[in-house]
Amino acid sequence: MIELKNVSFRYNQRGEADCLKNINLSIETGQVILITGPSGCGKSSIIRLINGLIPHYYEGNLTGEVCVNGKRVSQLPLYEIAQLVGTVFQNPRSQFFNVDTTSELAFACENIGMEETKILERIHLTVEQFNIETLMNRNIFDLSGGEKQKIACAAVAVSETNIILMDEPSANLDAAAVEDLRHLIQLWKQHHKTIIIAEHRISYIWDLAERVILMQDGTITREIKSEEKKNIGEVDLKKYGLRALEREDVVSIQLPVSKCQHQEEMILKDFAFAYDKRHPIFSFEKICIPTGEVVAIVGVNGIGKTTFLHCLCGIKKGCKGHMIWGGKTYKRKARTKQIFMVMQDTNHQLFTESVLDEVLISMNEPDEVKAREILKEMDLLEYEDRHPMSLSGGQKQRVAIACAIASERKILLFDEPTSGLDYKHMIQVGHLMQKLKEMGKTILVVTHDSELIHYACTQVLQLKPLERSVSIE
């Protein structure tokens, strides 16, 4: 049993919008609960209350009671809470303690002194359930974002805690991995685990959840029980700012080929990258990408989509080949001045003390008026004085996109730009991409988000796992 009684919380040095207000929530043992709502509504804060990160790590003003199995979380040390509750964080990198994947899966069990044979049994069973044999004995830092997410989920499964918290667990997963995650949640449900999932991408979990908790501005606005879910239609989803309920694999999407607004193409010749001779990531003799288009780059987790973007924008050393664009040839260093990339983990590219400064340093000539216009368009103006690292995951994503717009580069790369965004802000990002396209910019976007592809993209470029080839549809 989990109980939140009259809980309010305000983070230190944050505004009124970043707080929880009078939360009352009871969760019975064995229930699957989906918590959803707009970015910044308080979903992650609920997770932090239950796993003890509030108030043990995140400081602020907390009132009310949070109890797990009859014990007040605020009075328990974190190591005791960890034996009751397992958490998959929104950014899986923040929860890793080891360099290799196998050790990471064993870590929680080792901490409580479990016998080695028992740990190995649990790892073997979990690896089979997750279908992650190929990820074992690997360097975690060599994995893609989606592969890291799989390891984070598997590490919680190995620990076999009875309460499992998940914060945007499907954000960077491909369709097959999402189905694996769904299957695992079904198994946990059969074993009467208590599962609480904070998500925007609700289609895979909607029918499994006994209750759906809708949040807005730090409050619970509505609870949808299992028998009510069948009455929720598209109009209701849009009203509450929720994502679609249909599950669709992005690699199956076919878009009508649009006519290029410009005659020229961006040509990549002899483009190749390998970490070593035994592990080539991709090798393309020639790729022609139409300019002035929004091109979705799709493929399974670990195929090399992010690495491809890193090579294209010139930040990956060791990449062979060159880009021909506008009658000029650009090698690696020259491409860094022509292309702007919004990274999958935006923490890597936020450097300043305020959101406004972050946008200003991206400009060729700092212009506060224009910077504020961009922030307003991204629903970020009220956060202009906030430190970027104090924002939610979805808000950080929008700050990075604002920086891309401010850079005024002709080629923009986006790596999973909507992974932590709600419906409203996904549409907002899609609209901005269309607007940038109308301005003659070329946009390449790595994504698993079928809604974004249908809304904003004009071409689909698929990286294929076996042939390491590419096709544009």
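Quantities reported herein were computed from a predicted structural model and do not represent experimental measurements. Start at 1 with the first residue, then count along the sequence.
- Remark: the backbone N or O of R138 is paired with a side-chain donor or acceptor of T101 at under 3.5 angstrom.
- Taking a 6.0 Å sphere around NZ of K435, one finds it holds 12 or fewer heavy atoms contributed by other residues, nucleotides or ligands.
- Here the side chain of R182 pairs no donor or acceptor atom with the backbone of A177 at under 3.5 angstrom.
- Residues passing the ring-ring contact (aromatic ring centres under 6.0 Å, His included) test with F273, sequence neighbours excluded: Y275.
- Of the possible donor and acceptor atoms, none in the side chain of E168 sits under 3.5 Å from a partner among the backbone N and O of I197.
- In this structure, K148 forms no cation-pi arrangement with F96, as its terminal cationic atom is not both closer than 6.0 Å to the ring centre and no more than 45° off the ring axis.
- Put simply, the side chain of R398 reaches to within 4.5 Å of the side chain of L421, judged on heavy atoms.
- Side chains of R48 and Y57: no donor on one and acceptor on the other come within 3.5 Å.
- Between the side chain of H200 and the main chain of M426, no donor-acceptor pair closer than 3.5 Å is present.
- Contacts classified as salt bridge (charged side-chain N to carboxylate O under 4.0 Å, His left out) and involving residues 448-459 (residues at least two apart or in different chains) are given here: R243-D449, R243-E451.
- Taking R409 as the reference, nothing meets the side-chain hydrogen bond (donor to acceptor under 3.5 Å, both in side chains) condition, with sequence neighbours excluded.
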Please list every donor-acceptor pair under 3.5 Å in which a side-chain atom of residues 322-333 meets a protein atom from a residue at least two apart or in another chain.
from, atom 1, to, atom 2, distance (Å)
W325, NE1, E264, OE2, 3.0
R332, NH1, G314, O, 2.8

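- F107 pairs by the ring-ring contact (aromatic ring centres under 6.0 Å, His included) definition with F97, not counting sequence neighbours.
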**OP:** Any chance you could lay out the salt bridge (Lys or Arg N to Asp or Glu O under 4.0 Å) test for E408 and K370, step after step, and finish with the verdict?
**Re:** CA-CA 12 Å; E408 297 186 341; K370 189 171 183 180; 2.3 Å; yes
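- Side-chain N/O atoms of D415 and T306 include a donor and acceptor closer than 3.5 Å.
- Remark: S26 engages E3 in a side-chain contact (heavy atoms from CB on, under 4.5 Å) (not counting sequence neighbours).
- Counted by atom type alone, Y11 and E59 present zero donor-acceptor pairs between their side chains at under 3.5 Å.
- Using a 4.5 Å heavy-atom cutoff, the side chains of T442 and K410 are not in contact.
- Every residue meeting the side-chain contact (heavy atoms from CB on, under 4.5 Å) condition with T102, not counting sequence neighbours, appears here in chain and number order: D100, M136, N137.
- Between the side chains of Q397 and H425, not a single donor N or O lies within less than 3.5 Å of an accepting N or O.
- D167 and S44 form a side-chain donor-acceptor contact under 3.5 Å, judged by distance and modelled atom types alone.
- Residues that satisfy the side-chain hydrogen bond (donor to acceptor under 3.5 Å, both in side chains) test with K396, not counting sequence neighbours, are N347.
- Scored by the side-chain hydrogen bond (donor to acceptor under 3.5 Å, both in side chains) test, N139 finds no partners at all (sequence neighbours excluded).
- For residues 345-363, the set of pairs meeting the salt bridge (charged side-chain N to carboxylate O under 4.0 Å, His left out) definition, not counting sequence neighbours, comprises R93-D345.
- More than 12 heavy atoms of other residues, nucleotides or ligands shown are found within 6.0 angstrom of NZ on K316.
- Every side-chain contact (heavy atoms from CB on, under 4.5 Å) that S144 has, sequence neighbours left out, goes to E147, N301.
- With sequence neighbours left out, the side-chain contact (heavy atoms from CB on, under 4.5 Å) criterion links L76 to K71, E80, I81, L84.
- Remark: the T221 side chain and the Q216 side chain contain no N/O donor-acceptor pair separated by less than 3.5 Å.
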